[in-house]
Amino acid sequence: MRLIKRIHRHRNRAAWVIAGALALSTVLAACSASSGGSATAARPGSSGTVALKHGGTLRVGIVSLSTADALDPAMASTEGGYATATQLFDTLDQYGTDGKVTMRLAKSIVAQGSAKTWIVTLRDAKWSDGKPVTADDLIYTIKRILAPKNPLPPASSIPFISSTGMTAVNSHTVKFELKYPTVDFVDAFTSPTMSIVPQGFNPKKPVGSGPFVLASDNPGTEITFTANKSYWNSPQPYVSQLDLISFPNSTAQVNALLGGQIDAASSIDPSLVRVVKAGGSGYSVYAYPTTSTLTWQMNVSKAPFNNPLVREALRLAVDRQQIVSLVYDGYAKVGNDIFSPGDEGYNSSLPQRGQDIAKAKQLLAEAGYPNGLSVQLTAAPIYPTANLQNEVLVQQVKAAGFNITFHQVDEATYYGSAYGTYPLSLSFWGDLSIFDQAAFTVVNGAPYNATHWQNATYDALYNQAVRTVDTASRIALVHKMQQIEYDSGAYVVADFMDNITAYRSTVGGQEPYPNTDGASGYYFATMGFKS
């Protein structure tokens, strides 16, 4: 699923505050390593260094908007859903351009005495219909997500919040008494699925506090927004109108860019960077490392991946460096089958897996497949590089005895009722802390556990870690969690991708968001046309 921790502009944001002597450093750090490809990419200045004019229509091409794109932020699970949520709504906080948490709709998020009591103070803001954003709206949003009869997907990421544990201190302040102390409170609100909505929210006519308002929605084809005149942040969005336009693939995006039909091509295929640069000085490429990954999911509820030896064999059959080179043209870095490399708890001490065909064949034989095995890989073009990455996998693992048939479906079908039944699939994940990644995909009750992998020891460590305030003790527990995933988990995390977006050179205001995907995290309010 595309449950992505999104990040937002860092301008004019207060840092989040921790009271007392708590060491609650739970935020993601920016990826420190840059691929060779990223280093060669041009980086246009941000809105702070390039003079931008107000007005005009910014046309952004996105691959594969879907009829499954949701206008309800709590139901967002696709690229279009997240891009839409980022325009219409605000989260309490965000991951900024340095990869660390900073405030957005919240003025401050403060722990009182322990990590069990938290005070959220909202800034002065208005909904797009002109009404003020209040503490009651925040409480309504959380209760809506936690609805006991029909909880919404983000509920799994806030198990520590009780519907009865929230109190409006005044019109801008909410006191949270949690079920148990946790350092994950601040981080949990950065996801666009946790966007704050007004009381009585109607997804069919969405009202939000974000920089844009919905003008029209042609599902799967084009979404149009206009600037929100009630937007709380300064400066206001530079452009008057924003069009998100769907394209079937990255090549079509780039052709449209070079042909003048769009102003930006979001998250393009790395192989097309040369094409854009060949277009001349009228175009630029903006790239930066992220924690996003296209990961293969092995379904442990059925053969052959119910056998951990087979899972280990597939991991060893993959040539990660070749994927970085062939699929991403160097605009990526090698992964090691665990998530969230920017998280302070990331276990970098684990040995880096490399391709070992002989060992993979040995493991398959021990698992009862001395002559190899056949399995179907089901995937959709959920990212510009998705199809090529799958095709490379098919070829790489043949020598180890894996005969993989790549079955391509459209995105709506892939994320439909069959999601979670495929023996092998490819999904996009990124921009999540280790705790949230676990909450969404691994721990007992996770809503998007397409692998069906469960581990009681892992769950126990997770439950202990999210309650542990001491940083060193918490990280030690997280390292143990990731060791278990590394040893017996069900994901093949081969790489972490750079974000690459191509622009017309008349566009400025791009900023790097290492914990996101899309053109500068889809924070288009900072972008505009150069003066």
What I want to check is whether the side chains of [X] and [Y] have a donor and an acceptor closer together than 3.5 Å.
{"X": "Asp243", "Y": "Gln241", "answer": "yes"}
{"X": "Thr385", "Y": "Asp269", "answer": "no"}
{"X": "Thr193", "Y": "Ser191", "answer": "yes"}
{"X": "Ser425", "Y": "Gln297", "answer": "yes"}
{"X": "Thr451", "Y": "Asn449", "answer": "yes"}
{"X": "Asn347", "Y": "Gln483", "answer": "no"}
{"X": "Trp453", "Y": "Asn299", "answer": "no"}
{"X": "Gln389", "Y": "Tyr328", "answer": "yes"}
{"X": "Gln396", "Y": "Gln355", "answer": "no"}

Do [X] and [Y] come within less than 4.5 Å of each other through their side chains, counting heavy atoms only?
{"X": "Phe496", "Y": "Val324", "answer": "no"}
{"X": "Val275", "Y": "Leu258", "answer": "yes"}
{"X": "Arg353", "Y": "Glu312", "answer": "yes"}
{"X": "Ser271", "Y": "Tyr331", "answer": "no"}
{"X": "Asp93", "Y": "Thr102", "answer": "no"}
{"X": "Ile262", "Y": "Val60", "answer": "no"}
{"X": "Val375", "Y": "Asn403", "answer": "no"}
{"X": "Trp127", "Y": "Ser230", "answer": "no"}

Are [X] and [Y] near enough that their ring centres are under 6.0 Å apart?
{"X": "Tyr522", "Y": "Tyr82", "value": "no"}
{"X": "Tyr422", "Y": "Tyr414", "value": "yes"}
{"X": "Phe212", "Y": "Tyr231", "value": "no"}

Distance, nearest 0.5 Å, that separates [atom1] of [X] from [atom2] of [Y]:
{"X": "Leu257", "Y": "Ile268", "atom1": "CG", "atom2": "CD1", "value": "8.5 Å"}
{"X": "Ile357", "Y": "Lys398", "atom1": "CD1", "atom2": "NZ", "value": "12.5 Å"}
{"X": "Ile245", "Y": "Ile223", "atom1": "CD1", "atom2": "CD1", "value": "11.0 Å"}
{"X": "Leu92", "Y": "Ile196", "atom1": "CG", "atom2": "CD1", "value": "4.0 Å"}
{"X": "Asp184", "Y": "Ser157", "atom1": "CG", "atom2": "OG", "value": "8.0 Å"}
{"X": "Asp72", "Y": "Met75", "atom1": "CG", "atom2": "CE", "value": "6.5 Å"}

How far apart are the C-alpha atoms of Phe89 and Thr84, what are their side-chain angles, what is the distance that settles it, and do they pass the side chain to side chain contact (heavy atoms under 4.5 Å, CB included) test?
CA-CA 8 Å; Phe89 307 101; Thr84 298; 5.6 Å; no
Given Phe406, which partner from the list Thr378, Leu393, Asn387 fulfils the side-chain contact (heavy atoms from CB on, under 4.5 Å) test?
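The single option meeting the side-chain contact (heavy atoms from CB on, under 4.5 Å) with Phe406 is Asn387.
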Against Ser433, only a single residue in Thr291, Asp343, Val101 fulfils side-chain contact (heavy atoms from CB on, under 4.5 Å); can you say which?
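Among Thr291, Asp343, Val101, the one that satisfies the side-chain contact (heavy atoms from CB on, under 4.5 Å) with Ser433 is Asp343.
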Donor-acceptor check, side chain of [X] to backbone of [Y], threshold 3.5 angstrom: yes or no?
{"X": "Ser246", "Y": "Leu65", "result": "yes"}
{"X": "Tyr448", "Y": "Ala439", "result": "no"}
{"X": "Arg315", "Y": "Tyr491", "result": "yes"}
{"X": "Thr78", "Y": "Gly81", "result": "yes"}
{"X": "Ser156", "Y": "Phe440", "result": "no"}
{"X": "Asn336", "Y": "Ile338", "result": "no"}
{"X": "Arg123", "Y": "Trp232", "result": "no"}
{"X": "Thr413", "Y": "Val409", "result": "no"}
{"X": "Lys530", "Y": "Ser505", "result": "yes"}
{"X": "Gln253", "Y": "Ser266", "result": "yes"}

Arg320 vs Asp337, test: salt bridge (Lys or Arg N to Asp or Glu O under 4.0 Å). Steps then yes/no.
CA-CA 11 Å; Arg320 298 153 198 266; Asp337 301 328; 2.9 Å; yes
Salt bridge (Lys or Arg N to Asp or Glu O under 4.0 Å) between Glu222 and Arg59: does it pass, once the steps are laid out?
CA-CA 10 Å; Glu222 184 173 351; Arg59 303 162 300 170; over 6 Å; no
[X] versus [Y], closest heavy-atom pair with distance:
{"X": "Leu350", "Y": "Gln482", "value": "CD1-O, 4.0 Å"}
{"X": "Val492", "Y": "Leu314", "value": "CG2-CD2, 4.3 Å"}
{"X": "Met194", "Y": "Pro154", "value": "SD-CB, 3.6 Å"}
{"X": "Ser520", "Y": "Tyr503", "value": "OG-OH, 4.0 Å"}
{"X": "Ala188", "Y": "Asp436", "value": "CA-OD2, 4.0 Å"}
{"X": "Ser240", "Y": "Gly55", "value": "OG-CA, 3.4 Å"}

Arg104 and its side chain to side chain donor-acceptor pair (under 3.5 Å) partner, picked from Asp90, Thr190, Asn233:
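Passing option: Asp90.
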Check for me whether Arg504 meets the cation-pi criterion with Phe529, that is, NZ or CZ under 6.0 Å from the six-membered ring centre and within 45 degrees of the ring axis.
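Cation-pi check for Arg504 and Phe529: fails.
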Taking it one step at a time, do Val239 and Phe524 satisfy side chain to side chain contact (heavy atoms under 4.5 Å, CB included)?
CA-CA 9 Å; Val239 297; Phe524 299 117; over 6 Å; no
Do the rings of Tyr238 and His54 sit parallel, tilted or perpendicular, given the 30° and 60° boundaries?
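Tyr238 vs His54 ring planes: parallel.
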Please test Tyr513 against Tyr288 for ring pair (Phe, Tyr, Trp, His ring centres under 6.0 Å), starting from the C-alpha separation and ending with a verdict.
CA-CA 8 Å; Tyr513 286 92; Tyr288 53 86; 7.4 Å; no
With side chain to side chain contact (heavy atoms under 4.5 Å, CB included) as the criterion, how do Ile500 and Val273 come out once you've worked through the C-alpha distance, each side chain's angles and the decisive distance to 0.1 Å?
CA-CA 8 Å; Ile500 313 170; Val273 170; 3.8 Å; yes
Side chain to side chain contact (heavy atoms under 4.5 Å, CB included) between Phe339 and Thr295: does it pass, once the steps are laid out?
CA-CA 10 Å; Phe339 296 97; Thr295 177; 4.0 Å; yes
